[in-house]
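Values reported hereafter were calculated over all heavy atoms of this structure, with side chains retained and with hydrogens, waters and symmetry mates removed.
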Amino acid sequence: MARPKQHGPKLPVQQLAILAVARFAEPMALTSVFPYLPEMIRSFGVNETEIPRWAGFTGAIFSIAQSITAVPWGRASDKFGRKPIILLGLASTMCCFMVWGMSTSLAMAITVRAIMGGGNGNVGIIRTMVAEMVPERELQPKAFSLMPLVWSVGSIFGPAFGGFFARPAEQYPNVFGHIQFFKSYPFALPNLVACFVFFISLMTGLLFLKETHETKRHNPDWGLALGEKLSRPFKRSRKHKQRRHSFVDDGSSAPLLAQADLPSSHRATTKAERPSMKELFTNQTVINLISYTFLALHSVAYDQVLPVFLNYPRQIPDGDNTHLPFQFSGGFGLTSEKIGTIYTAYGVACGFIQFFLFPLFCSRWGVLNCYRFAALVYPLVYIFTPYTTLIQDDTLRFAALLFIMLVKGLVVIIAFPCTTILLTNSASSLQILGTLNGFATAFSGLGRAVGPAMAGAIFSIGVKRGYIIAPWWFLAGIAMLGTIPAFFIVEGDGPTRSLETDDDDDDEGDDALVPNQDDSEEEAYDYGVEALDGVPANDSDSESSIAAKRLLETDEERKTPRGSRTYGAV
């Protein structure tokens, strides 16, 4: 008699947490420079009115390089596996970040920023790993909301320590005032702190992250083996421990059957094939990619231009420089440390919204409706942002700014994970997700490049003529265009259905792996657990170990509903 199902599918919390540590590097690389970037560019001798232009271009070059290399990185992850490409991206970003902090000229800063963007294709690859770890649609809102949550946390620490540690010899003369290195390189310290975070991310991924690519996940992994040895003294006994009904639990173990022993149909499913353009670019994937590109263009441009606006000198409105409702100028006149404080409060609030409200919104109104709502709110945020500078009372001015930033944070938290879920569910199969997310990163990188570059240039032109609303209304217009494709999106069934196996074939495969047909399923499972507990740790390839693993695998296959199986191969 089959064991009754007591629990539904569960999130692979441990692996998602390890992946989140690796994901943490991206917001660190992007947002930690925001508070001090205007001051850094000013230190290169750039004119005040040209600072917005070059700040936008410096932010854009990162995304341009990332866009150019995103598809090659995605294809590399399909060919070599997700994990090695992610580790390579982390190592590259760590090295570039160290050099970025010691930039002595605008040309050097732009060059390093370009190399940093081109050497990191982790955005799309990590998104692919999440989709491969969590094929169950009911769990996707929680799983896909985790990485934007990590972005929010990174947005807390990135700008916070970016502003806190910039110019340490001036801010903290008693501690750093006598160190010549920090006098010569005033923006090096926040980048050294970031390098330490990158190193932790790199080592965590190396030792504990499991490969999720279907044809690579059974390959030997010396990093996982080393991590297992290092963590073994800290682990409790796992005797009779229930295993999650998901492939990631046995991802680091050896294959139960050698490729030569697999049926020909199973060998065919494990052969890597390059997806065709027709398979990649269906009507819905194209619409989702366009929508995602517009979202990245205006949302990231806002985040890039806002610190420039906050750093730009204050201007008291009068009859000569102000003609409402359109002609006025002036910013908030804040230093990098105050900008960092504002971003810290903003990030904390976004983290709360992300963790508590986003899953509730998605479960109640649906992913597609939530995304459409966010798309409609974006233009309003951009239109009203510049008018906060007209408020003369300091408390009211900052309160209005924070309110607008929180509204923007809310729609960002809704929009990005929702568009990721919609794009993933528009894919025809899991085999193409690496390449599809590579194209998504490329197109969004193009948007993240064009948006800050154009917004920064328009900012410089606008303030020269007294129209500081120019970049914000430009972004509002782009956001309005971005609402159009949102209403042509149809929520798909997801990529897992194309990989379902035939019931008869599955039954044959299950029977072939059952050593003792007379035992009940429960007895076979208990026998397999006991057998594994009795096998020495260094004898995982013994005949008894393999037989026990086959028993457990057979039990997992039987307990897993056929509609939720992701792969046909063992």
Side-chain angles (χ1 to χ4, degrees), residues 34 38 52 55-56 152 155 159 294-318 321-334 338-339 341-343 345-350 353 357 370-416 451-452 454-463 465-484 486:
F34 287 172
S152 297
S155 298
F294 272 99
L295 177 63
L297 190 155
H298 59 74
S299 184
V300 176
Y302 181 93
D303 293 335
Q304 180 77 52
V305 173
L306 184 61
V308 180
F309 173 63
L310 297 179
N311 178 257
Y312 199 77
R314 287 276 299 149
Q315 183 180 87
I316 305 300
D318 57 36
N321 57 36
T322 302
H323 297 86
L324 296 178
F326 303 120
Q327 188 179 16
F328 59 95
S329 191
F332 275 64
L334 303 180
K338 291 183 179 179
I339 296 174
T341 301
I342 290 176
Y343 268 91
Y346 169 71
V348 170
C350 287
I353 295 171
L357 299 183
C370 287
Y371 178 69
R372 288 172 175 170
F373 165 77
L376 292 172
V377 174
Y378 266 112
L380 300 177
V381 171
Y382 301 153
I383 288 174
F384 289 113
T385 295
Y387 289 94
T388 56
T389 192
L390 294 175
I391 302 174
Q392 297 305 302
D393 182 83
D394 291 343
T395 302
L396 290 178
R397 184 168 65 254
F398 282 103
L401 174 69
L402 287 175
F403 175 77
I404 290 177
M405 290 180 67
L406 285 177
V407 174
K408 200 266 183 181
L410 173 65
V411 294
V412 165
I413 288 167
I414 291 174
F416 276 101
M454 294 188 67
I458 294 173
F459 194 115
S460 293
I461 296 173
V463 294
R465 292 165 172 77
Y467 290 92
I468 205 168
I469 67 169
W472 310 109
W473 284 43
F474 162 74
L475 295 179
I478 297 297
M480 290 177 185
L481 291 176
T483 62
I484 297 175

Side-chain (Thr483) to main-chain (Met480) donor-acceptor, under 3.5 angstrom
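Here the side-chain-to-backbone pair exists.
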Partners meeting ring-ring contact (aromatic ring centres under 6.0 Å, His included) with [X] (sequence neighbours left out):
{"X": "Tyr387", "answer": "Phe328"}
{"X": "Tyr302", "answer": "Tyr382, Trp472"}
{"X": "Phe34", "answer": "none"}

[X]: partners by side chain to side chain contact (heavy atoms under 4.5 Å, CB included), with sequence neighbours left out:
{"X": "Ala55", "result": "Leu37, Ile41, Val308"}
{"X": "Ala374", "result": "Val411, Ile414, Ala415"}
{"X": "Phe294", "result": "Ile290, Ile478, Leu481"}
{"X": "Thr341", "result": "none"}

How long is the straight-line distance from [atom2] of [Y] back to [atom1] of [X], given to the nearest 0.5 Å?
{"X": "Leu306", "Y": "Leu475", "atom1": "CG", "atom2": "CG", "answer": "11.0 Å"}
{"X": "Arg314", "Y": "Leu334", "atom1": "CZ", "atom2": "CG", "answer": "9.5 Å"}
{"X": "Thr322", "Y": "Gln315", "atom1": "OG1", "atom2": "CD", "answer": "6.0 Å"}

Task: side chain to side chain donor-acceptor pair (under 3.5 Å) partners for Tyr312, two or more places apart - done: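 For Tyr312, no residue satisfies side chain to side chain donor-acceptor pair (under 3.5 Å) once neighbours in sequence are set aside.
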(request) May I ask you to test the Leu390-Pro317 pair for a side-chain heavy-atom distance under 4.5 Å? (result)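 Yes, side chains in contact.
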Please name the pair of heavy atoms, one in [X] and one in [Y], separated by the smallest distance, quoted to 0.1 Å.
{"X": "Ala455", "Y": "Phe474", "result": "N-CE2, 4.2 Å"}
{"X": "Ile458", "Y": "Pro471", "result": "CG2-N, 3.7 Å"}
{"X": "Pro379", "Y": "Ala375", "result": "CD-O, 3.3 Å"}
{"X": "Val305", "Y": "Gly456", "result": "CG2-N, 4.3 Å"}
{"X": "Ser299", "Y": "Val412", "result": "OG-CG2, 3.5 Å"}
{"X": "Trp473", "Y": "Ile383", "result": "NE1-O, 3.6 Å"}

With a 6.0 Å cut-off on ring centres, are Phe309 and Phe332 close enough?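 Between Phe309 and Phe332, the centre distance is under 6.0 Å.
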Quiz item: Please, which pairs that meet salt bridge (charged side-chain N to carboxylate O under 4.0 Å, His left out) have at least one residue in residues 375-390, sequence neighbours excluded?
Solution: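 Counting only pairs at least two positions apart or across chains, no salt bridge (charged side-chain N to carboxylate O under 4.0 Å, His left out) contact touches residues 375-390.
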Applying salt bridge (charged side-chain N to carboxylate O under 4.0 Å, His left out) as the test, list every pair that has at least one member in residues 402-416; sequence neighbours left out.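 Listed by first then second residue: Asp303-Lys408.
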Provide the full list of side-chain hydrogen bond (donor to acceptor under 3.5 Å, both in side chains) pairs with a residue in residues 324-333, sequence neighbours left out, each pair given once.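 Residue pairs passing side-chain hydrogen bond (donor to acceptor under 3.5 Å, both in side chains), neighbours aside: His323-Gln327.
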Tell me which donor-acceptor pairs under 3.5 Å the side chains of residues 396-407 have, and how far apart each pair is, sequence neighbours excluded?
from   : atom 1 : to     : atom 2 : distance (Å)
Arg397 : NH1    : Ile391 : O      : 2.9
Arg397 : NH1    : Gln392 : O      : 3.3
Arg397 : NH1    : Asp394 : OD1    : 3.2
Arg397 : NH2    : Asp394 : OD1    : 2.5

